Structure formats: C-alpha cells, structure tokens
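For reference, the structure discussed in these notes is given below.
When a ligand or atom number is given, it counts from 1 through the structure's own listing order. Bear in mind that the values here come from a model prediction, so they are computed numbers and not experimental data.
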Amino acid sequence: MDELYKGRDIADLYQKYRPTYPDKVMENIIKYLRSHRPDSDLSSTFDLMVDVGCGSAQSTNMFAPYFKNIVGVDASEDQIEFARKQNKFNHIKYLVGKAESLPFDDNSVDLVTCGASVHWFDLKEFFDEVSRILKPNGCLTLFTYNCTKLYPLYAYDEASSKATTDITWLLCELELRGNPRGEWILKECWNGYKDIFKQIPFPSKQREETVSVLHSMSFEEICGLIHSAIGHRNLIKRRKELEKIFGNGVPNDQGEFDLLKAIERKVKNIWNQDKQTKFCMELEIFLIMASMSSL
Ligand SMILES: C[S@@+](CC[C@H](N)C(=O)[O-])C[C@H]1O[C@@H](n2cnc3c(N)ncnc32)[C@H](O)[C@@H]1O
C-alpha cells in the first residue's frame, strides 16, 4: 500500500476529487456512540476520536463538533500534508502513522473511525490496536462507498445506464490490473465488507441502513475522480496494458502515456457528451458499527 498512496499527485487528486460524506453518516455514528454512554446527553462532547486512514481529511471534519480532540492518522506523508493544509480546527491534528501501530494510550479513545480505508489494513493487527486504545465503552465504525450510478444530468435513460456500467467497469479494470489487492478490495466493497465484518472481534456489531447520496459533477470532476483510482499508478509504466484499456496512447509533453487525457477521451466517447455537460453520481455508503461493550 505505502507506495500506492505515496506522492503529492495522488494526494492532490484525492483532495480535489474524492467525495466527502453526508451528515446522516456522522449522525448515525454519534447516535450509536451515545447509546453506549447512558451518561451522555445531547449537548455533551466526547474526549477523543481517531480517524485511521484519514487521507486528506475527507472523513474527519464532519465530527468536529462532537469531540474535544480529533486525530487523523494516515500512513502517507503526502496525504497528511494536504490534510494539515486544509485544517481550520484547533482541536483536530494530523499524524503520519500506521493503523497497525497507533500512537495512543491504552483505554484512551472514545471512537475509532475508518472511512474507505480499513480494506487496506492488516486486519488482525489493526483490530488488536483498536481493542487496546478504545475505552471500555468506546466504539469502532467502518464505512465506505460504492458508485452505483453515473449519468448526464436530466438524461437517465437506457443509453446512460449502459454508459454507467462502462464507466464502473473502467474503474474496476484500473483497480484490478494495477492494484495487487484490487480484487479482494473490490469484492469486499461490493459485498458491504462481508469478510471484514466477520473478523471484527467485538461482542456488539451491527450494520446501519445504506445511505444513498447524489452528487452533481462536472466532466472535469468525473475524469479527476477516475484518475484518482489508485490502481492506475502501478499501470503508468505498463503502457501496453493501458493501451488495451484506452486504445492508442495520447502522449503528454514528455512523450509518455497521458492518462488523464486518455480518460477524458474515453468518458467523452462513452457518453458522447461535450465537456459542458453536468453529471450526476449516486453513491451508496454503507456503515458498520461495533463496540467492546454490549450495552
Ligand atoms: C481511500 S483513502 C481514504 C481517505 C478518506 N478516509 C476517505 O474517506 O476518503 C485510504 C487511505 O488509507 C491510508 N492507508 C492505507 N493503509 C494504511 C495503513 N496501514 N495505515 C494507515 N493508513 C493507511 C492511505 O494512505 C489512504 O490515504
């Protein structure tokens, strides 16, 4: 993993194009946490939350009102640099660190969250760390999203539906070819973290209802989102494989395969739309919550 998320370019793409989460996700999590704290009322704040695999803060800021301190941890220095740059809160800090060795005291954390990240971790080591750092009534929450529909705004018809499948397949193909763990990760995400759920070693664990959310996106944002797919970073030097997916390479100024231009061309071909078209992306976010206390 470390190599895949290394680099300012990927952190930059993440910050520009990766979605954040709707309030409903955070509200469900806070409700669950409160249900394990009969002493807490609606106005009380909790001491400490840790967002593991925080990226450049896509999953962190929404929790700001509910905690005295929040720490985002990520293995990638570049992601942390971008997370720090966007930070507007004095009580949120960002640290470079590994999910498998978290820099927190035993029994000190109220909530551990993982947004689109747990599928990268060594699960046994991560769950051991979570068990160590959580307070006895602390909670763990895992969430991520799948892109289920993507279509030109005001034009959801059969052709768009086929185009959605083609775009989803393009994303999967980049991931499957370029990311050594791509197949497992894709399977887990589409299965709602079935295996990961089984491995959570806590007496209390549950799934919340999936939250669907619609994002309006420009042509540039869609291409940027596809470009941020992690798998392509391994493919950049494997020109023949890229040409299998995208057809003849479009050279950039250095004469290398220009992936962004190739994505733009492919997206344009798939929809036969111009760059001014607005698109709609539907994300399904699933959420798992667990606690060491069975209250
Ligand atoms: C898909 S991004 C998720 C970013 C953000 N949390 C979100 O919800 O979009 C996954 C992040 O997990 C981080 N990561 C992967 N393996 C890790 C590990 N073992 N320890 C800490 N962070 C890790 C990567 O560097 C990357 O920033």
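Between Phe67 and Phe63, the ring planes lie perpendicular to each other; the angle is over 60°, past the 30° to 60° tilted range. Ring-plane geometry between Tyr21 and Phe143 is classed as perpendicular, the angle between the planes exceeding 60 degrees on a 0 to 90 degree scale with a lower cut at 30.
By the 4.0 Å heavy-atom criterion, Gly97 is counted among the residues contacting ligand 1.
Taking every non-hydrogen atom of Ser59 and a distance limit under 4.0 Å, the qualifying atoms of ligand 1 come out as 5 (C), 6 (N), 8 (O). Atoms of ligand 1 found under 4.0 Å from any heavy atom of Trp120, numbered from 1 in the order shown, are 15 (C), 16 (N). Interface atoms of ligand 1 facing Gly55, defined by a heavy-atom separation under 4.0 Å, are 4 (C), 27 (O). Counting atoms of ligand 1 from 1 in the listed order, those under 4.0 Å from a heavy atom of Gln79 are 26 (C), 27 (O). Atoms of ligand 1 found under 4.0 Å from any heavy atom of Ala99, numbered from 1 in the order shown, are 18 (C), 20 (N), 21 (C).
Closest non-hydrogen pair, Ser204 versus Tyr32, comes out as OG-OH, 3.3 Å.
No hydrogens or angles considered: nothing links the side chains of Ser293 and Asn137 as a donor-acceptor pair under 3.5 Å.
Here Glu81 pairs with Lys85 in a salt bridge; the nearest charged N to carboxylate O distance falls below 4.0 Å. A salt bridge links Asp128 and Lys124; the closest N-O separation between the charged side-chain nitrogens and carboxylate oxygens is under 4.0 Å. Taking a cutoff of 4.0 Å between a charged side-chain nitrogen and a carboxylate oxygen, Glu264 and Lys261 do not qualify as a salt bridge.
For a threshold of 3.5 Å applied to N or O pairs, the pair formed by Val52 and ligand 1 contains no separation below that value. For Asp51, no nitrogen or oxygen atom sits less than 3.5 Å from a nitrogen or oxygen atom of ligand 1, counting backbone and side chain alike.
Under the side chain to side chain contact (heavy atoms under 4.5 Å, CB included) criterion, Val213 pairs with Pro22, His215, Leu283, Ile285, sequence neighbours left out.
Nearest to atom 6 (N) of ligand 1 by heavy atom, out of Ser228, Ser76, Gly115, is Gly115. The residue among Lys98, Glu100, His119 with a heavy atom at the shortest distance from atom 19 (N) of ligand 1 is Glu100.
Under 4.0 Å from ligand 1, the heavy atoms of Tyr21 that appear belong solely to its side chain. Within the 4.0 Å heavy-atom criterion, neither part of Pro19 lies near ligand 1.
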